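Worth saying up front: this structure is predicted, and the values here are computed from it rather than measured. Here is the naming used below: chain letters follow the sequence lines, and residue numbers restart at 1 for every chain.
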Number of protein chains: 2
Amino acid sequence: MERNEFELIADLTRRFPARSERAGIGDDAAVTVPPGAIAVSVDSTVDGVHFDRGRSAPATIGRKALASALSDLGAMGAAAGEAYVAIGIPADLEDDAWDGICDGIAAVAAESGVSIAGGDVTRSPHLFLTVTVVGHGDSPDGLVGRWGAEPGQVVVVTGELGGAAAGLLLMSGRADAGVLSEAVTGALRARQLDPTPRLTEGVALARAGAVAMIDLSDGLASDAGHVAAASGCRLQVELPRLPLQEGVREVAAAAGLDAVELAAGAGEDYELLACIPTEGVNGARAELDRLGTPLTEIGEVTEGVGASFVDADGRPRALSGFDHLRSV
Amino acid sequence: MERNEFELIADLTRRFPARSERAGIGDDAAVTVPPGAIAVSVDSTVDGVHFDRGRSAPATIGRKALASALSDLGAMGAAAGEAYVAIGIPADLEDDAWDGICDGIAAVAAESGVSIAGGDVTRSPHLFLTVTVVGHGDSPDGLVGRWGAEPGQVVVVTGELGGAAAGLLLMSGRADAGVLSEAVTGALRARQLDPTPRLTEGVALARAGAVAMIDLSDGLASDAGHVAAASGCRLQVELPRLPLQEGVREVAAAAGLDAVELAAGAGEDYELLACIPTEGVNGARAELDRLGTPLTEIGEVTEGVGASFVDADGRPRALSGFDHLRSV
């Protein structure tokens, strides 16, 4: 990397042109006029911790850094606004890698309708990206925290689970694909490498009445517990109802693991878990149908504390996390 | 560092209590309702690049990380709003160092009236901090970019220059203090280690009619050029008018350097340079007097390009940057 800080900023200004006159790279700060309330979230990804620079495609590093940050906005029901990207650049980063990372960020920004409005470039012994995302809501009441769940409400989840963990099992060689088609295993790997932030789904769920939401980055077992703790009630999840991504059962079996436990215990699927009053569920499902994303009832909110997980016959099952199955 | 991510977030939630119900740590994102326009800026500081973890006091690392980020809000004339702190934590970071960094951040936040509303903690091979700051303005027109300077306006600078570079010369042993008092040399070192963001000064300058501003992080020679380039005109600075911090002349002489060139060429004083119509200067100076901060006219905006620097007799002087005198 021969270019200095100013040349890199000039490069970013060219790559990420301002979408409005007021929000652009190259001043001391970007100026925007939010429509009402804003939701702000920050996520860092670090070489050797969240990805491996020697093995990950640069575009994938950039895509996942922005996508995982945007996932938090989805969990608030916030509309995409601006993103700010701080990059720590090691001296030996190749120009191609820089280009790839920037291209990956730009692609996810375009797909999500988010504007790259600023950031920072600095030298660093290790490659890292810190992405700050700003989402928009008409008012604070239109944005959904983790703390609004109440007994009697329904627990729903978007999309399908377990794919990110199964993808990691395949890529790390801890499971083989057996008779699964390339389409199926490719989708599992893509879920791990290139998650889709559920931004429009989050806005739709908020509009349909969701009162507590979280994105499944740590895994259902852990994340449902976060909602329960913040809301002061219990989330009871029926494990057989979890919507598993195609191929998760086979990959889990090949690795000697229980597929449902894998889907509940491992993270990085970046689906949304929401708590919603019973009367809102059909409307929410209709909204998500229109987006092509399934919505599945997986449990209910009850009096009590924490998240609990039950089998088909109602017997409680203890779930452990699968920290060793997260790329993080 | 024995604590995991969730324990560290709990620690941060205790250290940085929410100042309003909507803006707090521990949800997917912090929710705020800005009063009008927002200015957003991001700054990373990295061990081995911006500070040396083995030699810098942890509180100083935290203080400077937040202060230098807030300086960019000062340069916009934005009022302090929220800050979001992402920290990359190496496995061998001592608990005392974590505490010190957090204490330093908390102290500058309290001094500046900024709320720590969120952030991220992650493992990292190297210690780094990425600070995102959000400042507030009534409207976009009340926030000051770099691009509004016009010929005939006056170039002013807040406070005093050269102190950060002189402090670094002292600390690195490249100059000795001679007969300077401990009070004077201590103030020079403090300017380097613990800069003060000119937040209230920036708001006052914006209110008094400043039309282009920048904070002097890279150094006057470089930063005046940024304003000139963004505004499409020339900034002509009379070097003898630069307000030098006490002791800068002596330290520069001890290092065999020209004091004025040092003050103009080296960075990190974090004072503000502003361009303001002639009729606004007295009002601006009166405002800053009330804050106890000097305001000095150092030149004028003319037709042309770039920044130019002239001696007392009007002869142009070429200035080179002092990159080797920046801790960055």
Side-chain angles (χ1 to χ4, degrees), chain A residues 6 22-23 26-34 36-50 71-76 78 82 84-88 117-126 128 130 132-135 137 139-140 143 145-147 213-215 222 226 230 328, chain B residues 6 22-23 26-34 36-50 71-76 78 82 84-88 117-126 128 130 132-135 137 139-140 143 145-147 213-215 222 226 230 328:
Chain A
F6 297 120
R22 301 286 187 179
D27 215 309
D28 296 296
V31 174
T32 63
V33 182
I38 58 172
V40 180
S41 182
V42 182
D43 255 326
S44 294
T45 56
V46 180
D47 184 25
V49 180
H50 303 89
S71 178
D72 283 316
L73 294 187
M76 302 297 294
E82 297 79 41
Y84 301 82
V85 182
I87 312 184
D120 190 26
V121 290
T122 180
R123 287 183 290 129
S124 170
H126 272 74
F128 72 86
T130 303
T132 304
V133 289
V134 179
S139 76
L143 298 173
R146 299 177 176 179
W147 48 270
M213 283 205 286
I214 194 168
D215 65 320
S222 175
H226 295 324
V328 181
Chain B
F6 297 119
R22 300 288 186 177
D27 216 309
D28 296 297
V31 175
T32 63
V33 183
I38 57 172
V40 181
S41 182
V42 183
D43 254 327
S44 294
T45 57
V46 180
D47 185 23
V49 180
H50 302 89
S71 178
D72 283 316
L73 294 188
M76 302 298 292
E82 296 78 43
Y84 301 83
V85 182
I87 312 184
D120 190 26
V121 290
T122 180
R123 286 183 291 130
S124 170
H126 272 73
F128 72 86
T130 303
T132 304
V133 289
V134 179
S139 76
L143 297 173
R146 300 177 176 179
W147 48 269
M213 284 206 283
I214 194 168
D215 65 320
S222 175
H226 296 322
V328 182

If I measure from the heavy atoms of chain A, does [X] come under 4.5 Å with its side chain, its backbone, both, or neither?
| X | value |
| --- | --- |
| B:Ala230 | neither |
| B:Ser222 | side chain |
| B:Asp47 | backbone |

Classify the ring geometry between B:Phe128 and A:Phe128 as parallel (under 30°), tilted (30 to 60°) or perpendicular (over 60°).
parallel

For each of A:Ala39, A:Ser124, A:Pro125, A:Gly48, tally heavy-atom pairs with chain B at distances under 4.5 Å, and name the one with the top tally.
A:Pro125

Indicate the atoms forming the closest heavy-atom contact of B:Thr122 with A:His50, along with that distance.
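Smallest heavy-atom distance, with atoms named: OG1-CE1, 2.7 Å.
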
For the student: nearest non-hydrogen atoms of B:Val42 and A:Ala86, plus distance
CG1-CB, 3.7 Å

Rounded at 0.5 Å granularity, tell me how far [atom1] in [X] sits from [atom2] in [Y].
| X | Y | atom1 | atom2 | answer |
| --- | --- | --- | --- | --- |
| A:Arg123 | B:Ser44 | CZ | OG | 13.0 Å |
| A:Met213 | B:Asp28 | CE | CG | 8.5 Å |
| B:Thr130 | A:Ile87 | OG1 | CD1 | 11.0 Å |

For residues A:Tyr84 and B:Thr132, determine if any side-chain heavy atom of one lies less than 4.5 Å from a side-chain heavy atom of the other.
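A:Tyr84 does not reach B:Thr132 side chain to side chain.
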
Listed partners of B:Ser41 passing side chain to side chain contact (heavy atoms under 4.5 Å, CB included), at least two apart
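B:Ser41 satisfies side chain to side chain contact (heavy atoms under 4.5 Å, CB included) with A:Ala29, B:Asp72, B:Val133 only.
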
Checking B:Ala37 now: which residues fulfil side chain to side chain contact (heavy atoms under 4.5 Å, CB included) with it, not counting sequence neighbours?
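By the side chain to side chain contact (heavy atoms under 4.5 Å, CB included) rule, B:Ala37 matches A:Val31, A:Val33, B:Pro140, B:Leu143.
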
